[in-house]
Amino acid sequence: MENNKELTELLALDLGIKIVDRRPYAKEVFKWQDMDLLPHSSTDTLLCEIFEWNGRNWRTTGNNLIGYLFSGNELNTVKTQLINTPRNPALIPDFEFNKDNMIEYDLSLPSLFNIGINGNIKNAKDFSVKVNGVTKSRITNIDSPGIEILKNYSAFTQNKTKTYRKNIKFNYLSTSLFYAESVEIFLEKESGVSLDVSFQTKDVEVDAKVDTDTQKHFILKYSGNQAPFAAKFTKGKDFNIM
């Protein structure tokens, strides 16, 4: 498997940019992989969840494609298969959200990693979240439950045209989900500035490298049932119909 250096060089070559002595920034990785931040952090976010795009932000509809395609025991079986879809290395380099990124994302980013911000990060001298060991799960047409989903989806688009057009055709499906093995939080501020970070500790191993009034450096390593932080979205009408 490629290491971070090789993957960073490949990213830079593909995007036509120079990256020297730094990690790629999140915007660079997201552009390279055609992925987007999820609008919320939830361990029950599954592949094939249906999202709307308003031209600026993603919003979940609260529905999943499999709810339209299956019922009864078959639905439960497919849901269990989606929950247990294997996660493999995403083959992207470790990357970083810097202070400007987090302001741009309206501070929604830290919550995706169950990190809380107490105060205004614009008052920080420096603030970043470094993302390590990204894995992804995805739906394919060669493995279950992707085979069954695509087969039923083909029939659904032809037999339930009104429901298809209203709920799916012009919305988006999460066809890949991205997870972090760990994240590093760096915070530097002036003494006396009211700004701090907190985080969920369930299924999280916390390594406090630095924890002073003016500097924070925590490494959060996740285990158990993780929440994805990003996804690759495919428009319903472009979903790969067999």
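Quantities reported herein were computed from a predicted structural model and do not represent experimental measurements.
With hydrogens and angles ignored, the 3.5 Å screen pairs a side-chain donor or acceptor of Lys232 with a backbone N or O of Gln33. Not a single donor-acceptor pair under 3.5 Å links the side chain of Asp36 to the backbone N or O of Phe30. Using modelled atom types, no side-chain atom of Asp14 and backbone atom of Leu11 make a donor-acceptor pair closer than 3.5 Å. At least one donor-acceptor pair closer than 3.5 Å links the side chain of Asn54 to the backbone N or O of Asn57. The backbone N or O of Thr212 sits nowhere less than 3.5 Å from a side-chain atom of Gln215 that would complete a donor-acceptor pair. Using modelled atom types, one side-chain atom of Glu6 and one backbone atom of Asn3 make a donor-acceptor pair closer than 3.5 Å. For the pair Thr157 (side chain) and Ser154 (backbone), a donor-acceptor distance under 3.5 Å is present.
Atom CG of Asn73 has 12 or fewer neighbouring heavy atoms from other residues, nucleotides or ligands inside a 6.0 Å radius. Atom NZ of Lys99 has more than 12 heavy atoms from other residues, nucleotides or ligands within 6.0 Å. In Glu9, the CD atom is crowded: over 12 heavy atoms of neighbouring residues, nucleotides or ligands sit closer than 6.0 Å. Other residues, nucleotides and ligands contribute at most 12 non-hydrogen atoms within 6.0 Å of the NZ atom of Lys122. A 6.0 Å sphere centred on CZ of Arg23 holds more than 12 heavy atoms belonging to other residues, nucleotides or ligands. The local environment of NZ in Lys130 is crowded, with over 12 non-hydrogen atoms from other residues, nucleotides or ligands closer than 6.0 Å.
Heavy-atom minimum distance, Phe229 versus Leu37: O-CD2, 3.5 Å. Heavy-atom minimum distance, Asp94 versus Asn132: OD1-CA, 3.4 Å. Smallest separation of non-hydrogen atoms from Ala231 and Leu177: CB-CD2, 3.8 Å. Smallest separation of non-hydrogen atoms from Val193 and Lys189: O-NZ, 3.0 Å. Closest approach of Lys237 and Phe170 over heavy atoms only: CD-CE2, 4.5 Å. Here the closest non-hydrogen pair linking Phe51 and His40 is CE2-CE1, 4.1 Å.
For the residue pair Ser223/Glu205, the side-chain donor-acceptor check at 3.5 Å is not satisfied.
Note that CG of Asn63 and SG of Cys48 are 13.0 Å apart. Values are rounded to the nearest 0.5 Å. For the atom pair CD1 (Ile147) and CD1 (Ile142), the distance works out to 8.0 Å, reported to the nearest 0.5 Å. Residue Asn101 holds its CG atom at 7.0 Å from NZ of Lys27, rounded to the nearest 0.5 Å. Remark: Asp126 CG to Leu187 CG distance equals 8.5 Å, nearest 0.5 Å. In this structure, Arg59 CZ and Thr61 OG1 are separated by 7.5 Å, a value rounded to the nearest 0.5 Å. Note that NZ of Lys31 and CD1 of Ile17 are 8.0 Å apart. Values are rounded to the nearest 0.5 Å.
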Discussion item. Quick one, Ile149 with Leu82, criterion side chain to side chain contact (heavy atoms under 4.5 Å, CB included). Give me CA distance, side-chain angles, the key distance, then yes/no.
Written reply: CA-CA 10 Å; Ile149 290 172; Leu82 282 183; 4.2 Å; yes
Practice prompt. Could you walk me through whether Phe127 and Val197 pass side chain to side chain contact (heavy atoms under 4.5 Å, CB included), step by step?
Written response: CA-CA 10 Å; Phe127 192 22; Val197 294; 3.8 Å; yes
Discussion item. With side chain to side chain contact (heavy atoms under 4.5 Å, CB included) as the criterion, how do Val204 and Phe199 come out once you've worked through the C-alpha distance, each side chain's angles and the decisive distance to 0.1 Å?
Written reply: CA-CA 9 Å; Val204 180; Phe199 33 79; 5.6 Å; no
Item to complete: Please assess Leu47 against Thr85 for the test side chain to side chain contact (heavy atoms under 4.5 Å, CB included), listing each intermediate value before the final yes or no.
Response: CA-CA 9 Å; Leu47 290 164; Thr85 301; 3.9 Å; yes
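Among Leu15, Asn4, Ile92, Thr8, the single residue meeting the side-chain contact (heavy atoms from CB on, under 4.5 Å) criterion with Pro24 is Thr8.
Cluster membership for Ile121 and Val131, using ILVMFWY side-chain heavy atoms within less than 4.5 angstrom, is shared. Tyr25 and Leu91 fall into different hydrophobic clusters, where Ile, Leu, Val, Met, Phe, Trp and Tyr side chains are chained together by heavy-atom contacts under 4.5 Å. Linking ILVMFWY side-chain heavy atoms closer than 4.5 Å, directly or via other members, places Ile66 and Phe156 in a single hydrophobic cluster. A continuous path of hydrophobic side-chain contacts links Leu150 to Leu65 [ILVMFWY only; heavy atoms under 4.5 Å]. The hydrophobic cluster containing Phe113 also contains Ile117, counting ILVMFWY residues as joined when their side-chain heavy atoms lie under 4.5 angstrom apart, directly or transitively.
In this view, Arg87 satisfies the salt bridge (Lys or Arg N to Asp or Glu O under 4.0 Å) rule with no residue, not counting sequence neighbours.
With a 4.5 Å cut-off on side-chain heavy atoms, Ile139 and Leu173 do not count as touching. Ile19 is listed as a side-chain neighbour of Glu28, based on a closest heavy-atom distance under 4.5 Å. Side-chain atoms of Tyr68 and Lys160, non-hydrogen and from C-beta on, never get closer than 4.5 Å to each other. Looking only at side-chain heavy atoms (C-beta outward), Asp196 and Lys216 come within less than 4.5 Å of each other.
Applying the side-chain hydrogen bond (donor to acceptor under 3.5 Å, both in side chains) rule to pairs touching residues 169-181 yields Thr175-Thr234, sequence neighbours excluded.
The aromatic rings of Tyr164 and Tyr153 sit perpendicular to each other, their planes meeting at more than 60°, with 30° as the lower class boundary.
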